[in-house]
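Data block below; observations after.
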Amino acid sequence: MKAISDSLNVCYGLLALFTLGVGAAAFFMFLAGLVIGGATATSLAVTARDWMMFAIKTASLATLFGLVDIYLKGSHSLTIDQN
């Protein structure tokens, strides 16, 4: 069980990091579009939108991995341990 939980935790982390990177790239694409303007800005905005749609789906998958990891461990970061 620990190996599965660790694998899910790694998958969660990698997918979350990837999603963050895509979001940052989309932000800079929108920012560049504001500076450039015109048809190029429209193209950048549409591409950023498509990237974000993919990132939202990837973030949902990362959340699923994280929830299953929490379920398998039986605890999470907000659990108070009575020692």
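Considering only residues two or more places apart in sequence or on other chains, Leu31 meets the side chain to side chain contact (heavy atoms under 4.5 Å, CB included) condition with Phe27, Phe28. Applying the side chain to side chain contact (heavy atoms under 4.5 Å, CB included) test to Leu20 and every residue at least two apart in sequence or in another chain returns nothing.
Considering all non-hydrogen atoms of both residues, Ala41 and Gly33 come closest at CB-O, 3.1 Å.
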Which donor-acceptor pairs under 3.5 Å do the side chains of residues 43-66 make with protein atoms, sequence neighbours left out?
from, atom 1, to, atom 2, distance (Å)
Thr47, OG1, Ser43, O, 2.9
Thr58, OG1, Phe54, O, 2.9
Ser60, OG, Ile56, O, 3.1
Thr63, OG1, Ala59, O, 2.9

Give every donor-acceptor pair under 3.5 Å between a side-chain atom in residues 7-15 and any protein atom, sequence neighbours left out.
from, atom 1, to, atom 2, distance (Å)
Ser7, OG, Ala3, O, 2.9

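Evaluation of the salt bridge (charged side-chain N to carboxylate O under 4.0 Å, His left out) test over residues 59-75, restricted to residues two or more places apart or in two chains, returns Asp69-Lys73. Annotation: salt bridge (charged side-chain N to carboxylate O under 4.0 Å, His left out) contacts involving residues 5-19, sequence neighbours excluded, comprise Lys2-Asp6.
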